[in-house]
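Please read the structure below before turning to the comments.
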Protein chains: 2
Amino acid sequence: MIKPLIEKLSHYMVLSEEEKQILENTTRQRIAIEKGDDIIMQGQRPDYVYLIESGWACRYKFLEDGRNHTMAFLIPGDLCDVHVTILDKMDHSIRALTALKLTKFSIDEIVNIMENYPRLAHAFFWSTLVDEAILREWLVNMGARSCELRVAHFFCELLLRSRMAGLSYDGSFDCPLTQVELGESMGISQVHTNRVLQKLRQEGLISMEGRRVIIHDWKRMKAFSQFDPTYLHSKLDAL
Amino acid sequence: MIKPLIEKLSHYMVLSEEEKQILENTTRQRIAIEKGDDIIMQGQRPDYVYLIESGWACRYKFLEDGRNHTMAFLIPGDLCDVHVTILDKMDHSIRALTALKLTKFSIDEIVNIMENYPRLAHAFFWSTLVDEAILREWLVNMGARSCELRVAHFFCELLLRSRMAGLSYDGSFDCPLTQVELGESMGISQVHTNRVLQKLRQEGLISMEGRRVIIHDWKRMKAFSQFDPTYLHSKLDAL
DNA sequence: CGTGGAATTGATTACGTTCAATAGATGTGG
DNA sequence: CCACATCTATTGAACGTAATCAATTCCACG
């Protein structure tokens, strides 16, 4: 089941049936990770390319004072560490935020795809460039926007990313984060995260039902959070 | 003069004389950009791969309310937009912070290097991965560290990057940024940037002579700013 | 010299943190 | 199926960091 990946890549290029088959049929290992476990740790040598099939993970670093900071969330369809052959040491860790189903591609499998299917190689490269663009946008988000806009902006991004991966077809998406986890990525305290969410609900911008975040009025939400989807480099602009 | 690039790449792999010659001899266009001019703008299609030969540039986005936010500084030896063939639209702009000397590589020239010199291709890829690692570290810096640590951390990074590019051999480096520009990258106001710099000077951590930032005690500075150079993926750890 | 950009200082305000406590939800074992 | 434990969400109050507003000084350059 690598449908989310195929869905995602199709926002960059239309994949042929053959190319889809390559992705589906590459011999590969599927593993399950328990909630809270690390997939790979800071300092380790990366060994495989991982694809998230279901569940959420995060890239994070731990700080000297014991706190963590999250730099990225990985959702179904996201790849990590396509550069496996280049860097010898992880500069951050990746942890399962929920129970996770992963596909492990060995280096050989990846190299095989990269060398024999240039279009797929391009599509993979596109996906890493989008990851980088997301990092830049997060930096702007952290540096220049108030907490409320920041969290709202984050929700806009995650709605679009969920839709790109074929995980959502309306104005809502599955968000398994606790308020602590959300705060650790937005650079705000747990208490303030709670208050920001309350504000966004009061403003009528979002509501939350269990793990689901619902965005009521995409246009208003976009305007409110100064969200410009260009950086996701997709044709999709939701709703 | 693409020495800074060669110096930088040599922190990843030892380049052969032949490989150095390839870099030196690739036909290429050299241009000068005036301080304050944009190299490429948000929304434009990237056309060339640029290499900074001298001077500083920055990646930035402008926000709706008129402010800017800087997401990266480019110093001699840094490449921009190696992915020129993949994305069709810049999601940010790049501006010359000082007068700039640039090398422009055409797509053909880059593709030629990438296809015929796999070791150089690897080295280029390494450099983009380091750029990405820097973005992640900046995110942690913004999200989790106080302004003083943040600025100090930034100076640590720039000392190491300057040394990697062969631009510094002691504890100081050339930093042409105004306090406004520094603030725009650190997510702090101009006034506060000034106060933070004063504090760092009072603490005896740094001093500033014209455009030069001097770090007096590397160990102390590293400890103070919680600087862990792993993310630069170099063997170098200064001084 | 004089002019404009850059740095510096002071005073006030506001956003977000921290500490502390409570309430709600979820889960586990007896 | 209840009781206890634990994790998550929520609220209140006091504090602190950094923003903003408003001048003033410094400095490089023509």
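Note on naming: letters A, B, ... go to the chains in the order of the sequence lines (proteins, then strands), and numbering restarts at 1 for each one.
Taking atom NE2 on B:H192 and atom P on C:dT9, their separation rounds to 14 Å, with Å as the unit. As a whole-Å value, the separation of A:Q179 CD from D:dT8 C1' is 7 Å. When rounded to the nearest whole Å, the span between NZ of B:K199 and P of D:dG16 equals 13 Å. At whole-Å resolution of the value, CG in B:L197 and C1' in D:dA18 are 15 Å apart. Rounded to whole Å, atom P of D:dT17 lies 12 Å from atom CG of B:L149. One interatomic measurement links the two molecules: CD of B:E148 to C1' of D:dA18, which rounds to 11 Å at whole-angstrom precision. Whole-Å rounding puts the A:I188 CD1 to C:dA14 P distance at 20 Å. Rounded to whole Å, the distance from NE2 on B:H69 to C1' on D:dA19 is 16 Å.
Heavy atoms only, all atoms of each residue included: B:S225 and B:L149 are closest at CB-O, 3.8 Å.
Using cut-offs of 30° and 60° for the angle between ring planes, the A:Y231 and A:H153 rings count as parallel.
If you check every strand for non-hydrogen atoms under 4.0 Å, A:G187 touches sugar and phosphate atoms only. As judged by a 4.0 angstrom heavy-atom cut-off over every strand, A:R201 is placed among residues touching the sugar-phosphate backbone only. Across all strands, B:T178 comes closer than 4.0 Å only to sugar-phosphate atoms, never to a base (heavy-atom distances).
Distances shown here put every side-chain N or O of B:Q190 at or beyond 4.0 Å from the OP1 or OP2 atom of C:dA6. Taking 4.0 angstrom as the limit, B:N194 places a side-chain polar atom (N or O) nearer than this to OP1 or OP2 of C:dT8.
Using a cut-off of 4.0 Å between Lys/Arg side-chain N and Asp/Glu carboxylate O, B:R59 and B:D81 are scored as salt-bridged.
Comparing D:dT20, C:dT18, C:dG16 by their closest approach to the side chain of A:C147 singles out C:dG16. Comparing C:dG10, C:dT17, C:dT8 by their nearest atom to the side chain of B:R195 picks out C:dG10. Taking only side-chain atoms of B:Q198, from C-beta outward, the nucleotide of D:dT11, C:dT8, D:dT20 with the closest atom is C:dT8.
For the residue pair A:N194/A:Q198, the side-chain donor-acceptor check at 3.5 Å is satisfied.
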Item to check | Intermediate values then yes/no, side chain to side chain donor-acceptor pair (under 3.5 Å), B:E137 and A:H92 | outcome: CA-CA 9 Å; B:E137 188 62 34; A:H92 63 279; over 6 Å; no
